[in-house]
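Just so it is clear, the model here is predicted, and its values are computed rather than measured. Just so it is clear: chains get the letters A, B, ... in the order the sequence lines come, proteins before strands, and each one is counted from 1.
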2 protein chains.
Amino acid sequence: MSDKPTTIKEIAKILKISVSTVSRALNDHSSIGLTTKMRVKKLASELNYEPNQKAIQFLHGKSFIIGVILPELSESFFSTAISGIEDIAYKRNYTVLLAQSHDDAEREKLLVEKMKTQRVDGLLVSVSKTTSTYEHFEIFKRLNIPVVFFDRIPPIKDIHYVASNLETGTYEAVNFLLKKGHRTIGMINGPNTLVASHERKEGYIKAMLSNRLKFDPTLIINSDLTEAGTIEVMDNMLNHRRKPTAIVTFNDYVALFAIRYTRSLNLNGIDFVSYANLPIINYMDYTPIASVEQFPYKQGKKAADILIDLINKPKNESGADQAYFNVVVESVLVVNDPK
Amino acid sequence: MSDKPTTIKEIAKILKISVSTVSRALNDHSSIGLTTKMRVKKLASELNYEPNQKAIQFLHGKSFIIGVILPELSESFFSTAISGIEDIAYKRNYTVLLAQSHDDAEREKLLVEKMKTQRVDGLLVSVSKTTSTYEHFEIFKRLNIPVVFFDRIPPIKDIHYVASNLETGTYEAVNFLLKKGHRTIGMINGPNTLVASHERKEGYIKAMLSNRLKFDPTLIINSDLTEAGTIEVMDNMLNHRRKPTAIVTFNDYVALFAIRYTRSLNLNGIDFVSYANLPIINYMDYTPIASVEQFPYKQGKKAADILIDLINKPKNESGADQAYFNVVVESVLVVNDPK
DNA sequence: TAATTTTGCGCAACCGTTTGCACACCAGTT
DNA sequence: AACTGGTGTGCAAACGGTTGCGCAAAATTA
């Protein structure tokens, strides 16, 4: 039955007309007579003709595919972000080639390579936690394939990115705790390699200073964000000469580790504030009292939009220095309902 | 600077040799002299030559892309499954085109259409909850593009699929509850359109009968799997003339809704058993006492493997009836640690 | 030295579609 | 009778790479 797919040539041969006429007829070109158009279309649908996209992509040098590399889909932030990306891609007639780095810098490099050989029209990246060099993205500049980073952006210049401004969110969070009467506020921060860690720290400091409180750097401790790492940091916090009455944690997962640990020690009374606002919070009995919401869906949408704009932008004519899109999605503090 | 990418033709022109020689040199063809090879390769790397994959895909009629359509990445089952799919695809040199139906049958149809125009080499599908017709997958048969269903498989014949056998898992689950002394066991089941609902019911019945207990059909109630639907079903359960002392729920999410609801009524003492074994269970204070684990990663891997095998299988020569892969991944009951 | 094999390379077709250009035909205008 | 203008169609090149076949020069053999 179903042999090779029908081509435009076969239609031409059967109808004894040229392939160009068939092509134009199918594309409703104005210079083709109505009767010819009808004949062609009728036969085409009878033969279940489907244009060979590979030929078309080749001809136009476009694939209508955007690549997305992100660390971990099981993290709620990313699975939500990908929905935003997908929705925009869908709307603008692109499809999404997906790959997870699992926070492994080596794998990320290989994935970038793969995206290159697939010749995606553009690339969306949220870099892995362990990535410390960024040359593997350079290739894309040479190939004139736009790259947009989102959320986890590399600390380098001349890139397009979309990220949330955690400084303002953190400022709000610390302010919120201060207003609640807390004076000793700890922070479990992430690795210094992450831009986001600096922003959190800055937000924290600014909130303290603007409330005329002195900033104690020993109350900010970096963690590797694992459960074991979190417990270690918590031990330090709890044995600190100024034991915090409230703690800002790097994200909801860290908050959950920390809360579970304090509860296992039968410690109560420490307020936690966190980032991300995970849906699982709704299922928990003991949760952060507030979270900084980062709007992953919105970030994903925005990043995809920028990427597709870049793809369709007329080439940088003058070869001049082009502008870089640096979009910041404001983060806001969401106070959780008390249970 | 970076103009159009280098092509094989330019290399040929510069070196004053033919394109075929360049092509063969780059592919280490045996009939090319060593010196020519060296010259070609040297120049190629100097010019940052990258073969145009679109041309190659066109030539071979292959894209090395597999499409994946699934309902919802934020469901842990699917985000884990996609990792399995991706890992296999990666290993076997394919990439993954992803799309979420968000459990919307209409959107699913459009996505199938898109996958078709992208001419994926194969398709992996977990159908949406609301899908009730399946003709949109027929096109792929005509185009000779293999389709493998996983987890949520449609109730039709002549398809390839990978799914877990929930009957055995359910049997184990009910047996487990019976051994614990429960005699009145409720079940919150899913819509009857899902194959999985039937399997659960069958497992339930078999466990009861094999323990010489009579099966009470009114203790199995179907739900739409939303929180509101779950609460409604729970109300029915709790007002049942035989109030269950244990309940088997369709999945962990339903279990969480149900548990939360019973706790809001200050009801204790009902044991819940569920499916999926979500990681968030670890963060919960009140959880199902056991879950049927369905091994999403394994299912994803298996499905991808089968799909790629099908893609690379020599065409069905005789046009004869080909075999369909129906793989069942056994599910097992995992008893949760008491907190 | 002539015949034969091997080595190294080029020619040209091909994959399916689009598109600039030419051309033939017919009608209406000078 | 020559000219203009539209209408409908076909020719052929182009996109970038692969590959069967042929052919010349060099190396081997008789």
Determine whether any donor atom in the side chain of A:R24 lies under 3.5 Å from an acceptor atom in the base of D:dG10, or the reverse, and answer yes or no.
-> yes

Classify the nucleic acid contact of A:K9 as base, sugar-phosphate or nothing, counting any heavy atom under 4.0 Å across all strands shown.
-> base

Sidechain-backbone polar pair: B:S74 side chain, A:S79 backbone, donor-acceptor under 3.5 Å = no

Can you tell me how far P of D:dT18 sits from CD1 of B:I11, to the nearest Å?
-> 11 Å

Whole Å only: how far is the CE atom of A:M38 from the C1' atom of D:dG8?
-> 17 Å

Side-chain heavy-atom pair B:N326, B:H160 within 4.5 angstrom cut-off | no

State, without any angle test, whether A:D121 and A:S63 hold a side-chain donor-acceptor pair at a distance under 3.5 Å.
-> yes

Using only heavy-atom distances, decide whether a donor-acceptor pair under 3.5 angstrom links the side-chain of A:R119 to the base of D:dG16.
-> no

B:E108, B:H136, B:R152, B:K109 screened by side chain to side chain donor-acceptor pair (under 3.5 Å) with B:T131, the one that passes = B:E108

What is the distance, rounded to the nearest whole Å, between atom CD of B:Q53 and atom P of D:dC15?
-> 19 Å

Taking only the side-chain nitrogens and oxygens of A:T36, find out if one of them lies under 4.0 Å from OP1 or OP2 of D:dT9.
-> yes

Quick one: which of D:dT18, C:dT17, C:dT19 gets closest to the side chain of A:H60?
-> C:dT19

Can you check whether A:F58 stacks with the C:dT17 base, using ring centres under 5.5 Å and planes within 30°?
-> no

Considering heavy-atom distances to DNA chain D, does B:T7 or A:K16 have its closest nucleotide positioned more toward the 5' end?
-> A:K16

Return the value, rounded to whole Å, for the distance between atom CD of B:E10 and atom P of D:dC15.
-> 10 Å

By nearest-nucleotide position on DNA chain D, the 5'-leaning member of B:Y49 and A:S31 is A:S31

Using a cut-off of less than 4.0 Å, is there contact between a side-chain N or O of B:S18 and OP1 or OP2 of C:dG10?
-> yes

Rounded to the nearest Å, what distance is computed from the CD atom of residue A:E50 to the P atom of nucleotide C:dT17?
-> 11 Å

Phosphate oxygens OP1/OP2 of C:dT17: is one of them under 4.0 Å from a side-chain N or O of A:S23?
-> no

Euclidean distance, atom CD1 of residue B:I32 to atom C1' of C:dG8 [Å, nearest integer] | 6 Å

For DNA chain C, whose closest nucleotide is more 5', that of B:A55 or that of B:K37?
-> B:K37

Proximity to the side chain of B:N27 - top-ranked nucleotide from D:dT18, C:dT17, C:dG10 = D:dT18

For atom CG of A:L26 and atom P of C:dT17, their distance in whole Å | 9 Å

Keeping the roles fixed (side chain from B:K116, backbone from B:F137), state whether a donor-acceptor pair exists under 3.5 Å.
-> no

Could you tell me whether the phosphate oxygens of C:dC15, OP1 or OP2, come under 4.0 Å of any side-chain nitrogen or oxygen in A:N52?
-> no

B:Q57 CD to D:dT18 P: how many Å, rounded?
-> 13 Å

Donor-acceptor pair, side chain of B:K302 and main chain of B:V328, under 3.5 angstrom = no

